[in-house]
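A quick write-up on the structure given underneath.
All residue numbers refer to positions in the sequence shown, counting from 1.
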Amino acid sequence: MSVFKAILKSLKANIMTIIVYLAIFTIFGNMQAKANASTQDTAFEEVTVTVAVTDNDNSTLSKAVVDYLEETQNVVSPKTDDPMVMNDNARFSIYDYALIIPEDFESKVLSGDTENLLTYIAPGTTASQFLLTEKLNDYLQDIVIYLNSGYSEAEAISLTHEQMIELNETKATIIDESDKNHRSFFAGMFLFNGYTLLMILSICCATVVTFMKNKDVSNRISVSGMHFFTRNAAAIGAVFFIGTILTTFAILVIHVMGSVNDNKFWFYAIDTYSLMFVGLGLAYFICSLTANENLINMVANMVVLSMSFLCGVFVDTQFLSSSIIKVAHFMPLYWYTTAIKFINDNPVGNIWCGKFASYLVIEILFALVFFTAGMIVSRKKEQYAI
C-alpha cells in the first residue's frame, strides 16, 4: 500500500500538465467537434438574411422589390449612402447583404434591360447570400417575361410577387438515413481525444514510472521488507489505476459536453479504454529510454503529434495521400480513429462485430509491442549498466 500511495503522490508533479492538456481538449476539441458535426436534421435549413436596402428609384417596381424582400428576409436600413461603408458593414456582419437600387431602375426593367442592374454587396461566404442574389435576378427576369407576354406592369408585379412568395415557402426534405454522410459531436470529440489522452498518459505515467526508478526511492522501498512481487504488483496497479482514472475523466468530460443522447457513446468509450493501454505502453517505452522529464515531454510530443497528423486526428484521412495512409497503418492511433469512424458510420446494431473487435485487438497488440520494447530496452540497460 505504501508503494501505491507513493506513486499517487508523485502524480502531483504533473497536475499542471493534466490541466493544460484537458484545457486544450475541452476548448479546441469542442470547437473542432462542433464545426464538423452534422446530422440529418440539419442537412438543409432555410436561412433568413439581414438585407440593407437603398432605394434610389422609389418607383412602383422598386417598392415591389423591397416589399418582396420584407416578406422573405430581414430588411434593415444601411444608415449610409457610401458603398465602401456598406461593404465594410457587410464584411463585419453588421448586416449580411446590401442591395442598391439605381435611379433608373424601373425604366430599364420596362425596356427589358435587367443585366447588372442591381448592385449587390455581400461577403459571398454563405450559400444563403448567393441564393438571395439568384432570387432577385429571377424576380426581375419574371417581370420582363410577363411584360413581354402582354401583361401590364401592375399585373406583372402581382403575378411575379405571388409566384416568388410561393416558391420561398417551398420546403426541402433530404432523405438521408446513412450515418456515413454525417459526423456526430461525440465522434469529433473522441477523435480529438486520441491526441490529448495519449499526451496525458504518456507524459504522466512515464514520469510516475521514472519516479519509481529513482535510486533513492528504489533503495527506500527495497529496505522496507516488502516482497519483490508485492512491490511490482503495487507499482503496476498504481500505474493502471492512474491510467483508468485519467481515461474515465476524459470520457466523462465528453459526456458532459455532449448536448444530445447518443446510443453509440459506450462504443466510443470502449475504444478509448483500448487506447488507454496504448498510452500506458507508450509511457513505459518512453521512460525506458530516458529518465529526464524534459526528454520525456519532447519524445511524447514528437511521437503523439506525428501520429495525430498522420492518423486522422487533426487532418481527416480522406485528405491524406494513399502513401501516408499506408504508413499510418503501422501506428496505433490510426486504428483508434478508424474504430471511431466505424462507430460513427454504422447503426448501433451493426457496430459490435468482428471488424470492430479487430480494431480493438490491434490497439492492444500495439500496446504489448510498446511494453515489450520497453522491457527489452530496460533489460539491455541493466546488462550494460547504462
Side-chain angles (χ1 to χ4, degrees), residues 38-176 181:
S38 66
T39 64
Q40 291 91 332
D41 297 331
T42 59
F44 181 87
E45 185 177 293
E46 184 69 26
V47 177
T48 300
V49 177
T50 300
V51 186
V53 180
T54 301
D55 186 0
N56 294 323
D57 192 40
N58 203 29
S59 61
T60 302
L61 184 55
S62 67
K63 288 179 181 178
V65 172
V66 175
D67 289 341
Y68 164 67
L69 289 173
E70 287 178 342
E71 286 194 46
T72 59
Q73 310 297 328
N74 179 30
V75 177
V76 298
S77 172
K79 297 181 180 180
T80 179
D81 294 326
D82 188 350
M84 294 296 294
V85 177
M86 292 183 193
N87 182 68
D88 291 339
N89 290 341
R91 292 190 180 279
F92 288 105
S93 299
I94 295 175
Y95 36 76
D96 302 314
Y97 194 100
L99 175 67
I100 301 175
I101 303 175
E103 291 182 0
D104 54 352
F105 172 71
E106 185 175 63
S107 60
K108 285 191 174 181
V109 173
L110 293 177
S111 66
D113 182 14
T114 61
E115 188 174 353
N116 299 323
L117 184 56
L118 296 173
T119 300
Y120 310 100
I121 300 175
T125 55
T126 66
S128 56
Q129 293 164 351
F130 173 79
L131 288 173
L132 180 56
T133 302
E134 294 300 308
K135 287 178 181 178
L136 288 171
N137 289 335
D138 289 343
Y139 188 97
L140 298 181
Q141 289 172 7
D142 287 355
I143 291 285
V144 172
I145 290 172
Y146 282 120
L147 290 172
N148 293 336
S149 301
Y151 290 90
S152 66
E153 180 183 356
E155 290 173 331
I157 291 174
S158 177
L159 290 170
T160 300
H161 186 85
E162 181 181 341
Q163 177 182 316
M164 293 299 292
I165 292 297
E166 185 178 346
L167 286 173
N168 192 74
E169 293 176 352
T170 302
K171 301 297 181 183
T173 302
I174 295 180
I175 301 175
D176 184 2
N181 299 327

Any chance you could measure [X], atom [atom1], to [Y], atom [atom2], to the nearest 0.5 Å?
X	Y	atom1	atom2	result
Y95	K79	OH	NZ	10.0 Å
H161	I143	NE2	CD1	10.5 Å
L132	Y120	CG	OH	8.5 Å
L118	Y139	CG	OH	11.0 Å
T54	I121	OG1	CD1	8.0 Å
Q73	L99	CD	CG	11.0 Å

Set of salt bridge (Lys or Arg N to Asp or Glu O under 4.0 Å) partners for D138, sequence neighbours left out: none
Nearest atoms (heavy-atom pairs only) where L117 meets K108: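 Looking at all heavy atoms of both residues, the shortest contact is CD1-CD, 3.5 Å.
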I157 to A64 - nearest heavy-atom pair and separation: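 Closest approach of I157 to A64, heavy atoms only: CG2-CB, 3.4 Å.
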Residues which pass side chain to side chain donor-acceptor pair (under 3.5 Å) with S62, listed by chain and number, not counting sequence neighbours: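 Expected list: D55, S59.
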Y151 OH: over 12 foreign heavy atoms closer than 6.0 Å: no
Neighbour count >12 (heavy atoms, 6.0 Å) for atom CG, D82: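 Atom CG in D82 is crowded, with more than 12 foreign heavy atoms closer than 6.0 Å.
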Side-chain donor or acceptor of S149 paired with backbone N/O of I145 under 3.5 Å: yes
4.5 Å side-chain heavy-atom contact, T72 and M164: no
Sequence-distant partners of L110, side-chain contact (heavy atoms from CB on, under 4.5 Å), two or more places apart: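 L110 satisfies side-chain contact (heavy atoms from CB on, under 4.5 Å) with E106, L147, E153 once adjacent residues are dropped.
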Intermediate values then yes/no, side chain to side chain contact (heavy atoms under 4.5 Å, CB included), L136 and L140: CA-CA 6 Å; L136 288 171; L140 298 181; 5.8 Å; no
